[in-house]
Amino acid sequence: MDPTTDNAGNTGAPADARASLEALRAEIAKAVVGQDSAVTGLVVALLCRGHVLLEGVPGVAKTLLVRALAATLELDTKRVQFTPDLMPSDITGSLVYDTRTAEFSFQPGPVFTNLLLADEINRTPPKTQSSLLEAMEERQVTVDGTPRLLPDPFLVAATQNPVEYEGTYPLPEAQLDRFLLKLTIPLPSRQDEIDVLTRHAEGFNPRDLRAAGVRPVAGPAQLEAARAAVAKTTVSPEITAYVVDICRATRESPSLTLGVSPRGATALLATSRAWAWLTGRDYVIPDDVKALALPTLRHRVQLRPEAEMEGVTADSVINAILAHVPVPR
């Protein structure tokens, strides 16, 4: 088999890569009902080599979504349940003494995978949360002074419950900023929930994706070709200025104590390029920026307490900014 061809017979050409990634939605829909925007967000994160924070109440298929994505892309995935007693070495790995050789050998932790599902990341103390910082930023883990590279692609999909805050440790701003996107997973509509129950009544087993008909539709060749194509997507000086103006407006908002940093502006530019390419264009337009502004920026701003008490949300502030910042023509 040609090294640029995957098991489904797809090549690494940009057009074929786009078609393969578009096919992800239909394939994942065999297991997950009504979460197209979350699927798109995960694909955008993979294209940008970023990470995703998934926020939603328990039972809205966050774990199933990540597992289905890994299955359609033929990627290795591991899940870590974050708890108050979880240690950093439980994630990164540690040196283990081998009595046969009388030497220490490195035992890799679950972070050595393609898609790491960090379940309820805000249930573990900051020390353990921070163990992911190097992995997310540098794509490596340092144990006993020795850096060890992580596989490529590598994506952290961390979940947190927006309702129950007792016994949780809010993620610090520095770590939130490392997540490319924050995706909110809503409760399904009435019809979607009927579809979910109907599937279960017909024998659907969320632990057996193969039986549900979920199959690989893309692989590393398509992902690499897609990333190369996204990198060539044109961004005009007007669009660059538009992104900067949006992010600077958050720093001047009276409702916020913390605005978007330059890293956030860079992230918005990257996600806008990925979205433009996914929709079939090789250049970015203002609508691409608007489409990705909420998931890219909502976790990078901090509300003033008085604004929060009045019912103001990060999304409403960003929407107001998008409505007021002049759009380039």
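Since we're looking at a predicted model, the values are computed, not measured.
No side-chain heavy atom of Q107 sits under 4.5 Å from any side-chain heavy atom of L95. Between T142 and E134, the closest side-chain pair of non-hydrogen atoms falls below 4.5 Å. Contact of the V43 side chain with the L24 side chain is registered, since non-hydrogen atoms from C-beta on lie closer than 4.5 Å. Using a 4.5 Å heavy-atom threshold, the side chains of R67 and L117 count as separate. Put simply, the side chain of L47 reaches to within 4.5 Å of the side chain of L278, judged on heavy atoms. Side-chain contact between V39 and L42 is absent, with no heavy-atom pair separated by less than 4.5 Å. Taking the side chain as every heavy atom from C-beta outward, F179 and L171 approach each other to under 4.5 Å. Counting heavy atoms from C-beta on, the side chains of V111 and V80 never come closer than 4.5 Å.
Summarising the geometry, atom OG belonging to S37 is positioned 9.0 Å from atom CZ belonging to R25; distances are rounded to the nearest 0.5 Å. In this structure, L268 CG and K290 NZ are separated by 12.5 Å, a value rounded to the nearest 0.5 Å. The distance from atom OG of S255 to atom CD1 of I318, rounded to the nearest 0.5 Å, is 11.5 Å. Separation of atoms CG (L150) and CG (N114) is listed at 10.0 Å; rounding is to 0.5 Å. To the nearest 0.5 Å, atom OG of residue S261 and atom CZ of residue R251 are 7.0 Å apart. Here CG of L197 is found 11.0 Å from CD of E202. Values are rounded to the nearest 0.5 Å.
Atom CZ of R304 sits in a crowded spot, with more than 12 heavy atoms from other residues, nucleotides or ligands closer than 6.0 Å.
At a cut-off of 3.5 Å, with distance as the only test, no side-chain donor of R215 or T72 sits close to an acceptor on the other residue. For the 3.5 Å distance criterion, the side chains of Q222 and S20 fail to qualify, holding no donor opposite an acceptor. Side-chain N/O atoms of D76 and T113 include a donor and acceptor closer than 3.5 Å. Side chains of D85 and T83: a donor on one and an acceptor on the other come within 3.5 Å. Defined by atom type and a distance below 3.5 Å, a donor-acceptor pair is missing between the side-chain atoms of S131 and T92.
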I would like to know whether Q175 and S130 meet side chain to side chain donor-acceptor pair (under 3.5 Å); could you show each step before the answer?
CA-CA 7 Å; Q175 183 152 13; S130 65; over 6 Å; no
T146/D144 under side chain to side chain donor-acceptor pair (under 3.5 Å): CA gap, chis, key distance, verdict
CA-CA 6 Å; T146 303; D144 197 34; 5.8 Å; no
Evaluate L53 against L181 for side-chain contact (heavy atoms from CB on, under 4.5 Å), listing each step before the verdict.
CA-CA 6 Å; L53 185 62; L181 300 171; over 6 Å; no
Run the side-chain contact (heavy atoms from CB on, under 4.5 Å) check on R298 and T184 step by step: do they pass?
CA-CA 10 Å; R298 59 164 58 111; T184 55; 4.0 Å; yes
Derivation and outcome, side-chain contact (heavy atoms from CB on, under 4.5 Å), residues V301 and T250
CA-CA 8 Å; V301 300; T250 65; 4.3 Å; yes
Evaluate side-chain contact (heavy atoms from CB on, under 4.5 Å) for L155 paired with L116, printing each intermediate quantity in order.
CA-CA 6 Å; L155 180 145; L116 176 67; over 6 Å; no
Would D282 and T233 count as a side chain to side chain donor-acceptor pair (under 3.5 Å) if you check the C-alpha gap in whole Å, the side-chain angles of each, and the deciding distance to 0.1 Å?
CA-CA 5 Å; D282 61 357; T233 302; over 6 Å; no
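Here the closest heavy-atom approach between residue L64 and residue P206 is recorded as CD1-O, 3.5 Å.
Here the side chain of H51 pairs a donor or acceptor atom with the backbone of M136 at under 3.5 angstrom. With R273 contributing its side chain and A231 its backbone, the two residues share a donor-acceptor pair below 3.5 Å.
F154 does not carry R49 over the face of its six-membered ring by the limits of under 6.0 Å from the centre and within 45° of the normal.
Both V312 and V260 are assigned to one and the same hydrophobic cluster, defined by single-linkage of ILVMFWY side chains at heavy-atom distances under 4.5 Å. Under a hydrophobic-cluster definition in which Ile, Leu, Val, Met, Phe, Trp and Tyr are linked whenever side-chain heavy atoms come within less than 4.5 Å, directly or via other members, V66 and V156 are assigned to different clusters. Each of L258 and L303 belongs to its own hydrophobic cluster when Ile, Leu, Val, Met, Phe, Trp and Tyr are linked at side-chain heavy-atom distances under 4.5 angstrom.
Partner E55 forms a side chain to side chain donor-acceptor pair (under 3.5 Å) with one of H299, Q160, K62 and no other, that one being Q160.
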